[in-house]
Amino acid sequence: MLPLLQLVPTRLLNSSCSLEKTQQCSCSFHGIPAPSVQWWMGGVPVGVDGMDGSLPVTSTMLGPWANSTISLTEKPEIGMRLLCEGKNQNGTHALSILLTSRKSSLISQAFMKGLIQGAIYGIIIALLFLCLLPLIVKHIRKKQAKKPAAIKAKKSSKVRANQELKTSLKPEESGKPIVTTFSESRILEKQDKRAS
């Protein structure tokens with residue numbers, strides 16, 4: 001009696017895509033019996049172990065493992081789907097890959113680079129502002145402190161001028177002429193009349 005082999009449905013073990021000079025994608029499957037691998041591009045099957053237009057496909061099988069690689073020599077259309085399907089009599093397992101052109105990935109890289117640079121510049125400007133903020137506050141406080149000092153100086157100069165005016169109107173030492181205002185001279189006249 002022959003030992004019965006346990007049948008295992010196909011399972012995807014590994015998948016990868018490389019974006020070097022040519023875009024390549026690989027899928028590895030495991031199953032008993034060994035699964036067959038089929039690639040689909042935009043819903044159309046791609047030939048295995050050969051060339052199908054610009055899509056060379058290489059597949060290898062070793063025991064219960066199957067590995068297949070597809071090379072995309074032309075830039076794929078944006079949003080094109082690539083499907084990797086492993087299949088044996090016990091089951092099917094597939095992986096869908098969304099393809100992007102190198103140009104669109106460069107645009108997104110440039111966008112991300114610009115976004116990061118903008119964030120860095122924004123942080124630098126914010127830090128610079130925070131460093132200059134104490135100087136700005138100090139300058140504003142000096143200006144505000146000068147205003148009351150200028151007002152006081154103006155008031156004190158007015159007070160001094162007023163005091164000088166009053167002292168010039170007061171009688172000084174004898175022998176010097178006395179300057180009086182009109183109302184003061186009338187009061188003095190009345191006092192002279194009473195005294196006589």
Side-chain angles (χ1 to χ4, degrees), residues 1-140:
M1 215 171 156
L2 291 171
L4 292 173
L5 287 175
Q6 184 179 4
L7 301 175
V8 178
T10 300
R11 289 287 167 239
L12 178 69
L13 296 177
N14 188 22
S15 66
S16 64
C17 283
S18 152
L19 298 171
E20 298 303 319
K21 288 181 182 177
T22 59
Q23 194 169 18
Q24 290 185 328
C25 291
S26 297
C27 287
S28 298
F29 292 95
H30 177 268
I32 300 175
S36 62
V37 180
Q38 176 69 53
W39 287 95
W40 299 76
M41 180 77 146
V44 178
V46 178
V48 179
D49 289 329
M51 294 285 288
D52 184 13
S54 62
L55 305 171
V57 176
T58 309
S59 293
T60 54
M61 294 175 113
L62 183 60
W65 294 277
N67 185 45
S68 184
T69 302
I70 187 168
S71 299
L72 307 170
T73 53
E74 294 178 8
K75 292 179 185 175
E77 294 176 26
I78 296 174
M80 178 67 78
R81 290 208 174 270
L82 185 62
L83 183 77
C84 176
E85 180 184 69
K87 183 195 258 185
N88 70 6
Q89 63 192 27
N90 299 309
T92 302
H93 201 177
L95 172 72
S96 179
I97 302 165
L98 180 64
L99 300 174
T100 59
S101 70
R102 291 180 61 82
K103 186 176 182 180
S104 68
S105 66
L106 288 175
I107 290 170
S108 63
Q109 286 175 357
F111 173 75
M112 287 304 293
K113 185 178 179 183
L115 186 65
I116 291 168
Q117 282 179 343
I120 289 171
Y121 291 147
I123 290 169
I124 290 170
I125 289 170
L127 289 174
L128 184 62
F129 177 74
L130 289 175
C131 290
L132 291 175
L133 189 61
L135 295 173
I136 294 168
V137 170
K138 188 176 180 181
H139 178 73
I140 291 171

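Closest of all the heavy-atom pairs between I32 and P64 is CG1-CB, 4.0 Å. Looking at every heavy atom in both residues, N90 comes nearest to P9 through O-CB, 3.6 Å. Between R11 and H93, the closest heavy-atom pair is CA-ND1, 3.5 Å. Residues P33 and N88 approach most closely at O-ND2, 3.0 Å, considering heavy atoms. Among all heavy-atom pairs drawn from V37 and A66, the shortest one is CG2-CB, 3.8 Å.
Distance check: M41 CE to L82 CG gives 6.0 Å after rounding to the nearest 0.5 Å. Put simply, CD on Q89 and OG1 on T10 are 9.5 Å apart, with the number rounded to the nearest 0.5 Å. Atom CD1 in I120 sits 12.0 Å away from atom CD1 in I125 (nearest 0.5 Å). Between atom CZ of residue F29 and atom OG1 of residue T92 there is a gap of 9.5 Å, rounded to the nearest 0.5 Å.
Checking side-chain atoms of Q38 against main-chain N and O of G86 turns up no donor-acceptor pair under 3.5 Å.
Not counting sequence neighbours, the partners of L127 by the side-chain contact (heavy atoms from CB on, under 4.5 Å) test are I123. By the side-chain contact (heavy atoms from CB on, under 4.5 Å) test, L83 is found to be paired with W40, A94, S96, residues two or more places apart in sequence or in another chain being considered. Residues satisfying the ring pair (Phe, Tyr, Trp, His ring centres under 6.0 Å) criterion with W65, sequence neighbours excluded, are H30. In this structure I140 satisfies the side-chain contact (heavy atoms from CB on, under 4.5 Å) test together with I136, Q144, sequence neighbours excluded. Every side-chain contact (heavy atoms from CB on, under 4.5 Å) that S16 has, sequence neighbours left out, goes to S26. Under the side-chain hydrogen bond (donor to acceptor under 3.5 Å, both in side chains) criterion, S28 pairs with N67, sequence neighbours left out.
Looking at T58 and P56, their side chains never come closer than 4.5 Å, going by heavy atoms from C-beta outward.
Sulfur-sulfur distance for C17 and C25: below 2.5 Å, consistent with a disulfide.
With respect to S68, the side chain to side chain contact (heavy atoms under 4.5 Å, CB included) criterion is satisfied by exactly one of S59, S36, P35: S59.
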